[in-house]
Amino acid sequence: MRATYSCDPAQTRGRLVAEEESAHRTCFQRDRDRIIHSSAFRRLKHKTQVFVEHEGDYFRTRLTHSIEVAQVARTMAGALGLNEELTEAIALAHDLGHTPFGHTGEDALDALMQPYGGFDHNAQAVKIVTALERHYADFDGLNLTWETLEGLAKHNGPVVGDLPHALSEYNARHDLELHTHASAEAQVAALSDDIAYNNHDLHDGLRAGLFTQDDICELPIVGAAFAQVDGLYPKLDPTRRMHEALRRVFGVMVSDVITTSRANIAHSGVKTAQDVRDLGSTTVLFSKDLWRDLKVIRKFLFARMYRAPSVVDMRTRVTSVVENLFPLFMQQPDLLPSEWRADVDRAEGKTELARIVADYISGMTDRFAQQEHDRLLG
């Protein structure tokens, strides 16, 4: 049974362009399905999570990460009485704006875009689903509901101060109330992202040989999970031991969020979805004790994985791809594909051209960016 503070599809604030709704799907189910069928979602298959796409078939990509986030998000939304379809839609779309080569590519593109307003992957996700997907006859983008767009824009909290251009441009047309918190569904999607990457980065780091099972047994939560597995299954082979332990770590994080958030919601007294937005604080949270432990795990991953010499070396190499392609397209916009030419012809000034180039580069997959770099620059 859905809670009164969940988002009710029957009470949606609707879409920017009015449409006749489906007889068989709620508006939030329809949002989810449009995201899954989008070109940007498919491209996540070949975009970096931590390891560049070609480094191994078993490492997570942005696509597999997004699917894992959506699975966690549905579980927690159901346990908290929230709308699972809205939560899933936000979870599936939360990384659509990422560049090739993960945060490394984003940092490089943001630096190049500083004279033109910068680059932000969350704002870019909104731009993709409101403008850059061009498949429908009646509108650009996917014409998602207000609630899904709100969740994409502010799942990490209110967006205040100087807004990224991509977000401010759309918000001027369709007010997403960026100064408030997002729905509880969006807050669940945000924490599901944290849970998924904390867990799978440990898994991928082990597979890459950046650290050992003995190393992570020193970590809070993780060490207790391995001890439990060793007590139940003595002499279990290392691969099964790893999977059994890390799925327990997953379970600890999910259970903690559900328990903590139920208590927060009860204490806050919220009755409606709007109450959640207007509360002035986040309702879906880790407990203080678990959050403290997760910071220890994150510190370990930064030192042993994200800053590992092999990872840093690859980041240096792929940064040059973005740094070389951007000025090339700025100087020779005729090199952009034919479907981008109309946008280039309408561009008024260097800033508008730079934003078109950034849209094009950020949409590239890892492999396509490398192929274009080799083709155009040798």
Side-chain angles (χ1 to χ4, degrees), residues 49-51 55-80 87-88 91 94-95 187-264 282 284-308 310-311:
Q49 182 62 27
V50 173
F51 296 97
E55 291 185 276
D57 292 339
Y58 287 97
F59 297 127
R60 267 71 172 189
T61 65
R62 286 285 164 194
L63 180 62
T64 56
H65 165 71
S66 297
I67 293 170
E68 290 182 26
V69 173
Q71 177 267 319
V72 177
R74 281 195 68 98
T75 297
M76 295 202 298
L80 294 171
T87 311
E88 184 179 23
H94 82 283
D95 269 356
Q187 294 179 35
V188 165
L191 259 68
S192 298
D193 186 24
D194 290 347
I195 289 170
Y197 72 63
N198 274 306
N199 188 271
H200 65 50
D201 285 359
L202 289 169
H203 187 280
D204 282 353
L206 287 170
R207 178 175 285 279
L210 299 178
F211 41 80
T212 67
Q213 291 185 27
D214 287 344
D215 291 332
I216 63 172
C217 280
E218 301 296 320
L219 297 173
I221 309 173
V222 183
F226 273 96
Q228 185 182 39
V229 171
D230 292 341
L232 291 170
Y233 308 101
K235 299 181 180 179
L236 193 63
D237 76 78
T239 300
R240 291 177 188 266
R241 180 176 182 253
M242 174 189 68
H243 280 283
E244 284 290 334
L246 291 184
R247 75 184 185 90
R248 283 167 169 76
V249 172
F250 222 134
V252 168
M253 291 189 284
V254 170
S255 296
D256 180 86
V257 170
I258 292 170
T259 301
T260 304
S261 302
R262 279 177 176 162
N264 287 343
T282 305
V284 180
L285 292 166
F286 292 110
S287 67
K288 290 182 180 178
D289 288 344
L290 194 84
W291 181 240
R292 182 194 62 231
D293 290 342
L294 288 179
K295 286 194 286 188
V296 175
I297 294 173
R298 295 302 292 168
K299 185 177 180 180
F300 173 86
L301 286 170
F302 266 100
R304 298 294 298 273
M305 186 172 183
Y306 312 139
R307 298 292 180 263
S310 60
V311 175

Mind listing the closest non-hydrogen atom pair of [X] and [Y] along with its distance?
| X | Y | result |
| --- | --- | --- |
| A225 | A245 | CB-O, 3.4 Å |
| T212 | L206 | C-CD2, 3.4 Å |
| M305 | G205 | CE-N, 3.8 Å |
| D95 | S66 | CB-OG, 4.1 Å |

With sequence neighbours left out, what residues match [X] under side-chain contact (heavy atoms from CB on, under 4.5 Å)?
| X | answer |
| --- | --- |
| N264 | T260, L285 |
| Q228 | L232, R248 |
| I67 | L63 |
| A189 | I90, A91 |

Would you indicate whether the side-chain heavy atoms of [Y] and [X] approach each other to under 4.5 Å?
| X | Y | result |
| --- | --- | --- |
| L301 | R298 | yes |
| I216 | I297 | no |
| S310 | L210 | yes |

Spacing of [X] atom [atom1] and [Y] atom [atom2] [to the nearest 0.5 Å]:
| X | Y | atom1 | atom2 | answer |
| --- | --- | --- | --- | --- |
| T282 | L191 | OG1 | CG | 8.5 Å |
| M242 | Q213 | CE | CD | 6.5 Å |
| S261 | M76 | OG | CE | 7.0 Å |
| R292 | L290 | CZ | CG | 9.0 Å |

- line: Sequence neighbours excluded, the answer for ring pair (Phe, Tyr, Trp, His ring centres under 6.0 Å) partners of F300 is F211
- request: Not counting sequence neighbours, which residues clear ring pair (Phe, Tyr, Trp, His ring centres under 6.0 Å) with F302? List them please.
  value: Y306
With [X] via side-chain hydrogen bond (donor to acceptor under 3.5 Å, both in side chains) - residues at least two apart:
| X | value |
| --- | --- |
| T259 | none |
| D194 | Y197 |
| E88 | R32, R74 |
| R240 | D237 |

What pairs of donor and acceptor atoms, side-chain ones from residues 250-258 against any protein atom, are under 3.5 angstrom apart with sequence neighbours left out?
residue, atom, partner, partner atom, Å
S255, OG, G251, O, 3.0
D256, OD1, S287, OG, 2.7
D256, OD2, S287, N, 2.8
D256, OD2, S287, OG, 3.4

message: Could you check whether any side-chain N or O of N199 sits under 3.5 Å from a backbone N or O of L246, counting only pairs where one atom can act as donor and the other as acceptor?
response: yes
- prompt: Got a donor-acceptor contact below 3.5 angstrom from the E68 side chain to the A196 backbone?
  reply: no
query: Tell me, which pairs form a salt bridge (Lys or Arg N to Asp or Glu O under 4.0 Å) where one or both residues lie in residues 211-224, sequence neighbours left out?
result: D215-R304
message: Checking side chain to side chain contact (heavy atoms under 4.5 Å, CB included) between Q187 and each of L80, T87, V284, which is the one that passes?
response: V284
